[in-house]
Amino acid sequence: MNAKNLWEAMKELSDKQFKVYMAVYKLADNEVGYCFSGDSHIGEKINKSRSRVNQTINELIELNFLNVLKITQGTKVIERRLYTADCYKCFLKDSKLKIMKTTYDKKVDSEGNEHIIYFNEKNSKKITSAKTGTGTSADIGTGTSADIGTVTSTNIKVSKINKLKPKKLELVPFENFFKEELKMNFTATNQKAVEKLLKTMSEQQIKKFLMENYKMAIIAKEKNSNIKSINGLFVDYLKKGQRILSETPKDLDKDNSKKEKVEIVDSSMECIQEQTEEKREIQEEIITISNLTEEEENKAIETLIKQGINKNHLIKMKNKSNKLYLKTLNSALRNII
């Protein structure tokens, strides 16, 4: 599936995600058509930690803003290639090849201009002086980079992360369901979630549960313009659903078990709020992301000012974290009621 383009990234990604996306976008603007820099190198470019960059890149892959290929040697990842929507054709071509580690060599012409020559499976020239670039994907997993000599494809295999295929037969119907009904990739995260649901629910019940969560995500985004991605919100709902469903006893009578599963699928967030403190926090989080009317907002601000909270403090809070700001106002309104 083609990755989402730059314009969609501007609309849907958070500021932190967009910053990492643009770093990858810039580093992929080269002769080979992909970014092969590692997390450490990208982090240096945008002043972010390696772990934060790694987490954000995984989110971008999950949200379909990046396509990825990995080269592994044994269990170690020695190169990760990130492709944006602009490089989709290059991604399709590379995914059909036996790819090899990317290196480059710097040449200076007679006028003193520096040129970079890239080497990979498309021009597998043997070079002895080439080095992996500073912070290239050799530092994935270890955080270090290493000099290399002659480049070969020995013991190297390609891992196509964005085209994961279910290994278990019972997951095959769900791959089609995600693709045709939900219009999203059946990623590793979604596969793990479905596997857990299969322990307590039938195939039809799970599909109904997934569809209801997807519709709930669509409604939440329509009500709140601050929500950037339906897919991301859906994954959050799915994770929360996993924890709820995992509490269903497996040894119940068949009819009673079926009833309980249906009740869990159809239960509202208000019911979840009454069960545990964790579920109450989930409900409050969903409530606080909804926007207030102008009248409600003014009423809440007036109440907070009477309680001794400075209005400038509220303005700063709104600029820094709209979610925290709305949560504070909602709390004030509940106290009034």
Side-chain angles (χ1 to χ4, degrees), residues 2-3 5-6 9 19-48 50 53-54 56-57 60-61 65-74 76-163:
N2 195 357
N5 60 34
L6 177 62
K19 191 172 185 179
V20 174
Y21 174 83
M22 286 306 300
V24 174
Y25 189 92
K26 179 63 177 176
L27 290 168
D29 184 17
N30 53 38
E31 291 179 10
V32 291
Y34 53 82
C35 167
F36 61 97
S37 296
D39 300 325
S40 298
H41 183 56
I42 296 173
E44 289 172 6
K45 294 289 186 183
I46 58 176
N47 196 27
K48 296 291 182 183
R50 178 180 175 276
V53 170
N54 183 266
T56 306
I57 285 176
L60 293 172
I61 294 170
F65 282 96
L66 296 174
N67 287 307
V68 61
L69 296 177
K70 286 187 179 182
I71 303 176
T72 59
Q73 205 165 31
K76 183 180 179 182
V77 177
I78 62 173
E79 179 169 295
R80 177 193 61 197
R81 299 182 179 184
L82 298 172
Y83 302 78
T84 64
D86 293 352
C87 307
Y88 185 62
K89 289 183 179 179
C90 184
F91 167 71
L92 291 178
K93 290 180 181 179
D94 289 356
S95 65
K96 297 175 183 178
L97 300 175
K98 187 175 183 179
I99 62 175
M100 58 193 295
K101 190 175 178 63
T102 308
T103 60
Y104 64 84
D105 198 13
K106 293 183 179 180
K107 301 288 184 181
V108 180
D109 60 25
S110 58
E111 297 180 357
N113 298 317
E114 187 177 81
H115 302 277
I116 299 177
I117 304 173
Y118 294 93
F119 299 93
N120 59 18
E121 65 282 350
K122 296 174 184 176
N123 61 338
S124 55
K125 176 183 177 181
K126 294 184 178 181
I127 51 174
T128 57
S129 60
K131 298 181 180 180
T132 56
T134 304
T136 61
S137 48
D139 70 352
I140 297 174
T142 63
T144 62
S145 59
D147 293 353
I148 63 170
T150 302
V151 181
T152 67
S153 58
T154 306
N155 296 326
I156 295 177
K157 61 181 180 178
V158 182
S159 175
K160 303 175 185 178
I161 303 302
N162 231 21
K163 290 191 174 184

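Just the heavy atoms: all of them, side chains too, but no hydrogens, waters or symmetry mates, feed the values below.
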Donor-acceptor pair, side chain of Asn30 and main chain of Tyr34, under 3.5 angstrom: yes
Would you please test Cys35 and Ile42 for side chain to side chain contact (heavy atoms under 4.5 Å, CB included) and show each step? CA-CA 10 Å; Cys35 167; Ile42 296 173; 4.3 Å; yes
Over 12 foreign heavy atoms within 6.0 Å of CG, Asn113: yes
Rounded distance [0.5 Å steps], CD1 in Ile46 versus CD in Glu44: 11.0 Å
Roughly how far, to the nearest 0.5 Å, is CG of Leu6 from CG of Asp86? 7.5 Å
To the closest 0.5 Å, what do you measure between CD1 (Ile71) and CG (Asn120)? 8.5 Å
Would you indicate whether the side-chain heavy atoms of Leu97 and Lys122 approach each other to under 4.5 Å? yes
To the nearest 0.5 Å, what is the distance between CG (Leu66) and CZ (Phe91)? 10.5 Å
Distance-only, no hydrogens or angles: does the Lys70 side chain make a donor-acceptor pair with backbone N or O of Val77 under 3.5 Å? no
Taking Asp39 as the fixed residue, which of Lys48, Arg50, Arg80 is the one that meets the side chain to side chain donor-acceptor pair (under 3.5 Å) rule? Arg80
Show the numbers, then the answer: is there a side chain to side chain contact (heavy atoms under 4.5 Å, CB included) between Arg81 and Val68? CA-CA 6 Å; Arg81 299 182 179 184; Val68 61; 6.0 Å; no
Between Glu31 (side chain only) and Ile117 (backbone N and O only), is there a donor and an acceptor less than 3.5 Å apart? no
Quick one: do Asn5 and Thr84 satisfy side chain to side chain contact (heavy atoms under 4.5 Å, CB included)? Show the steps, please. CA-CA 7 Å; Asn5 60 34; Thr84 64; over 6 Å; no
Report the relative orientation of the aromatic rings in Tyr21 and Tyr25; use parallel for angles under 30°, tilted for 30 to 60°, perpendicular for over 60°. tilted
d(Leu27 CG, Met22 CE) to nearest 0.5 Å is 10.5 Å
Working note: His115 + Asp109, criterion side chain to side chain contact (heavy atoms under 4.5 Å, CB included); need CA distance, chi angles, decisive distance, verdict. CA-CA 8 Å; His115 302 277; Asp109 60 25; 3.0 Å; yes
Residues in side chain to side chain donor-acceptor pair (under 3.5 Å) with Tyr83, at least two apart? Asp94
Under 4.5 Å between any side-chain heavy atoms of Ile61 and Leu82, yes or no? yes
Please check this pair: side chain of Glu121 against backbone of Lys98, looking for a donor-acceptor N/O pair closer than 3.5 Å. no
For the atom pair CD1 (Ile78) and CD (Gln73), what is the distance rounded to the nearest 0.5 Å? 4.5 Å
